[in-house]
Amino acid sequence: MANELIAILDFGSQYAQLIARRVREQNVFSQLFPPDVPADQLARLPLKGIILSGGPASVYEMSAPRCDPRILDLGVPVLGICYGMQLACQMLGARIVPAAKREFGRAELHILDSTDLFANLPSQIIVWASHSDHVESLGDGFETLATTKACPHAAVRYRQKGLYGVQFHPEVSHTPKGQTIIENFLYRICSCKGDWQMGQFVEQSIASIRRQVGDGHVICGLSGGVDSAVTATLVHKAVGDQLTCIFVDNGLLRKNERQTVVSTFKDHFHMDLRVVDWSRQFLEALAGVTDPQAKRRIIGHKFIEAFRSAASQIEGARFLAQGTLYPDVIESGWNRANVAESIKLHHNVGGLPEDLGFELIEPLRDLFKDEVRRVGQYLGLPEQIVWRHPFPGPGLAVRIIGEVTAERLRILRDADEILVDEITSAGLYRSISQALAVLVPIGTVGVMGDGRTYEHLIAIRAVQTTDFMTADFSRIPYDVLASIATRIINEVRGVNRVVYDISSKPPATIEWE
């Protein structure tokens with residue numbers, strides 16, 4: 001779809017997706033590939049350059065991931081980052097060994113050559129390093145572009161092959177001038193035009209959906225979250241009344257969620273929206289269940305059952321539109337050098353099985369979350385949907401520790417509404433990446449009026465993050481926290497204590513279950 005592409009070979013780096021995002025921030029389309037992607041496959045693409053990511057392995061190990069050496073002969077520039085630099089240098093005759101002094105964290109980079117990769121930068125900059133190996137000796141044809149105290153070849157160039165390598169991470173925010181380095185690679189070295197724009201993406205997506213659907217009928221599972229909302233709106237722009245949306249009310253939604261979805265998509269956008277109320281069936285299936293993974297499995301199976309029931313009543317439906325995003329595609333597309341570890345079942349349990357018999361439409365499968373929000377803005381979706389904080393597929397069920405009951409859902413809904421209202425009133429909603437309330441159904445002693453109480457605990461969680469792989473807790477002002485706590489205790493019957501979660505991710509996850 002894009003006119004120019006930067007291919008990123010992922011050797012298992014925790015920052016691989018971040019590299020792709022940094023490239024796209026420069027209006028250049030990027031795509032991740034498995035490390036062993038054949039050079040012939042890349043040659044058929046509108047390739048402008050290649051980036052080799054970092055990774056946890058050592059290049060001299062027998063099991064270390066490798067790439068097709070022919071990528072260095074495709075006639076496009078290559079940038080190796082950390083492991084990617086070491087691998088490319090090794091393929092061209094350099095020697096890689098364990099470093100006498102490892103570099104983890106901040107390092108001072110001394111730039112020796114500022115003609116291309118380091119153009120418009122001072123002679124010394126701070127970079128973020130994370131390596132225990134380094135290039136000991138370079139072969140013929142290499143030039144050293146920069147050094148650090150511990151690394152004599154912190155950046156190199158092999159002019160004949162158009163190869164550049166850096167032994168640090170320009171993609172992370174801890175390298176303050178890193179985006180300039182990436183920009184130099186894209187525009188000075190790869191000669192990119194920078195024509196990756198959301199408006200262009202939307203128009204091309206609409207045309208593609210029309211070609212795929214023809215005179216067929218599409219159904220779309222609409223949750224009210226930004227991904228499904230943007231998907232539904234894109235498909236509706238393309239085929240109009242040939243789309244039917246299905247909204248499953250599982251009884252685990254936020255307060256007034258159903259009314260908001262109906263008002264937005266049925267009343268405002270005039271979509272054919274079918275509401276399926278299965279709240280009773282979901283709650284009955286969850287009765288007595290306390291294990292978080294069991295909750296997710298039950299909700300996932302029940303959702304499929306509800307959706308299948310509703311879809312069977314839509315005559316002539318051949319296509320299913322889903323809000324699959326690029327990170328989902330990446331994680332399911334290859335083994336990512338065996339470094340990804342499953343933490344829990346995925347939050348978004350609304351993924352539907354292939355045996356439903358529909359042809360898939362996934363217009364957002366090349367986009368990251370921030371790009372989806374930009375598409376939503378372009379399409380005119382309301383701000384409260386475009387900028388809505390992530391909400392897990394299992395809903396409030398995984399924000400209630402232990403068994404899910406109607407009474408516990410009532411308490412959590414009311415507390416959650418107060419939390420969102422208070423951070424919105426304080427002008428903090430957009431600056432917080434995700435905020436949530438958790439019901440901890442343990443009795444704590446309190447005093448209300450002249451009597452003792454023994455009621456539930458509400459935990460507040462708010463984080464700031466760019467990629468949701470790591471996160472830090474939000475520094476909400478004390479007066480706002482005080483207002484949240486006071487209102488919840490005064491207005492939500494059944495709660496007498498509010499606490500604030502100040503854990504980072506890792507080691508804690510953002511959601512509690």
Side-chain angles (χ1 to χ4, degrees), residues 250-255 257 279-280 282-299 302 343-345 347 349 389-423 432 434-463 471-476 478 480-513:
N250 57 13
L252 308 171
L253 306 173
R254 285 175 164 174
K255 201 165 187 177
E257 180 83 4
S279 53
R280 177 182 56 80
F282 275 84
L283 278 177
E284 288 176 355
L286 289 168
V289 178
T290 60
D291 179 72
Q293 301 293 64
K295 288 183 193 176
R296 292 175 183 276
R297 281 190 289 269
I298 290 169
I299 294 167
K302 216 66 185 172
I343 304 299
K344 56 179 172 287
L345 294 176
H347 283 313
V349 299
H389 290 177
F391 188 65
L396 298 179
V398 291
R399 294 179 179 175
I400 294 174
I401 308 303
E403 184 183 5
V404 179
T405 67
E407 173 62 9
R408 290 177 177 179
L409 283 165
R410 192 270 308 166
I411 293 171
L412 185 55
R413 278 197 190 96
D414 290 346
D416 175 82
E417 182 184 42
I418 290 170
L419 168 63
V420 173
D421 182 56
E422 286 296 317
I423 62 174
I432 295 172
Q434 186 172 355
L436 58 125
V438 179
L439 174 62
V440 185
I442 58 173
T444 70
V445 177
V447 177
M448 291 186 176
D450 295 324
R452 290 166 65 86
T453 62
Y454 201 63
E455 296 181 326
H456 295 318
L457 165 72
I458 289 288
I460 301 301
R461 179 89 160 124
V463 299
D472 193 13
F473 72 92
S474 298
R475 271 62 172 179
I476 296 178
Y478 287 157
V480 178
L481 287 174
S483 295
I484 294 169
T486 300
R487 283 194 60 194
I488 289 175
I489 292 170
N490 286 344
E491 299 176 28
V492 181
R493 191 170 297 277
V495 177
N496 68 358
R497 191 177 300 270
V498 175
V499 298
Y500 188 50
D501 181 350
I502 59 170
S503 311
S504 63
K505 176 186 179 181
T509 54
I510 295 174
E511 297 285 348
W512 276 38
E513 285 197 343

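No experiment lies behind these values; they were computed from the predicted model shown.
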What distance do [X] atom [atom1] and [Y] atom [atom2] have between them, rounded to the nearest 0.5 Å?
| X | Y | atom1 | atom2 | value |
| --- | --- | --- | --- | --- |
| Ser504 | Ile510 | OG | CD1 | 10.5 Å |
| Ile423 | Ile484 | CD1 | CD1 | 6.5 Å |
| Ile502 | Ser474 | CD1 | OG | 12.5 Å |
| Leu283 | Leu252 | CG | CG | 6.0 Å |
| Leu419 | Ser483 | CG | OG | 12.0 Å |
| Leu286 | Lys295 | CG | NZ | 8.0 Å |

Does any N or O in the side chain of [X] come within less than 3.5 Å of the main-chain N or O of [Y], such that one atom is a donor and the other an acceptor?
| X | Y | value |
| --- | --- | --- |
| Arg296 | Gly393 | no |
| Arg408 | Glu403 | yes |
| His389 | Ile432 | yes |
| Arg410 | Arg493 | yes |

Handout entry: side chain to side chain contact (heavy atoms under 4.5 Å, CB included) partners for Ala485, two or more places apart
Key = Val498

Which heavy atom of [X] sits nearest a heavy atom of [Y], and at what distance?
| X | Y | result |
| --- | --- | --- |
| Leu409 | Gly251 | CD1-O, 3.5 Å |
| Arg461 | Ala508 | NH2-CB, 4.2 Å |
| Leu396 | Leu253 | CD1-O, 3.3 Å |
| Phe282 | Ile299 | CE2-O, 3.6 Å |
| Glu513 | Ala397 | OE1-O, 3.8 Å |
| Ile460 | Tyr500 | O-CD1, 3.3 Å |

Handout entry: Candidate list Ile458, Asp416, Ile418, Leu439, test side chain to side chain contact (heavy atoms under 4.5 Å, CB included), partner Val492, passing option
Key =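 Only match with Val492 under side chain to side chain contact (heavy atoms under 4.5 Å, CB included): Ile418.
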
Practice task
Applying salt bridge (Lys or Arg N to Asp or Glu O under 4.0 Å) between Asp414 and each of Lys255, Arg487, Arg254, report the one that passes.
Solution key: Lys255

Exercise for the section: For side-chain contact (heavy atoms from CB on, under 4.5 Å), just list the numbers for Ile411 and Ile400, CA-CA rounded to whole Å, side-chain angles, deciding distance to a tenth of an Å, and then say yes or no. Expected result: CA-CA 10 Å; Ile411 293 171; Ile400 294 174; over 6 Å; no

Exercise for the section: Report the C-alpha distance between Val289 and Val404 in whole Å, list the side-chain angles of each, state the deciding distance to 0.1 Å, and finish with yes or no for side-chain contact (heavy atoms from CB on, under 4.5 Å). Expected result: CA-CA 7 Å; Val289 178; Val404 179; over 6 Å; no

Exercise for the section: Salt-bridge test for Arg399 and Glu511: reply yes if a basic N is under 4.0 Å from a carboxylate O, no otherwise. Expected result: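 Looking at Glu511 together with Arg399, the answer is yes, because their closest N to O distance falls below 4.0 Å.
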
Problem - Of all pairs that satisfy side chain to side chain donor-acceptor pair (under 3.5 Å), the ones with a partner from residues 438-447, not counting sequence neighbours - result: Thr444-Asn496, Thr444-Arg497

Handout entry: Pair Asn250-Lys302, side-chain contact (heavy atoms from CB on, under 4.5 Å): steps then yes or no
Key = CA-CA 9 Å; Asn250 57 13; Lys302 216 66 185 172; over 6 Å; no

Exercise for the section: Could you check if a side-chain atom of Val463 sits within less than 4.5 angstrom of a side-chain atom of Lys505, using non-hydrogen atoms only? Expected result: no

Practice task
Report yes or no: is the cationic atom of Arg475 (NZ for Lys, CZ for Arg) under 6.0 Å from the centre of the six-membered ring of Phe473, at an angle within 45° of the ring normal?
Solution key: yes

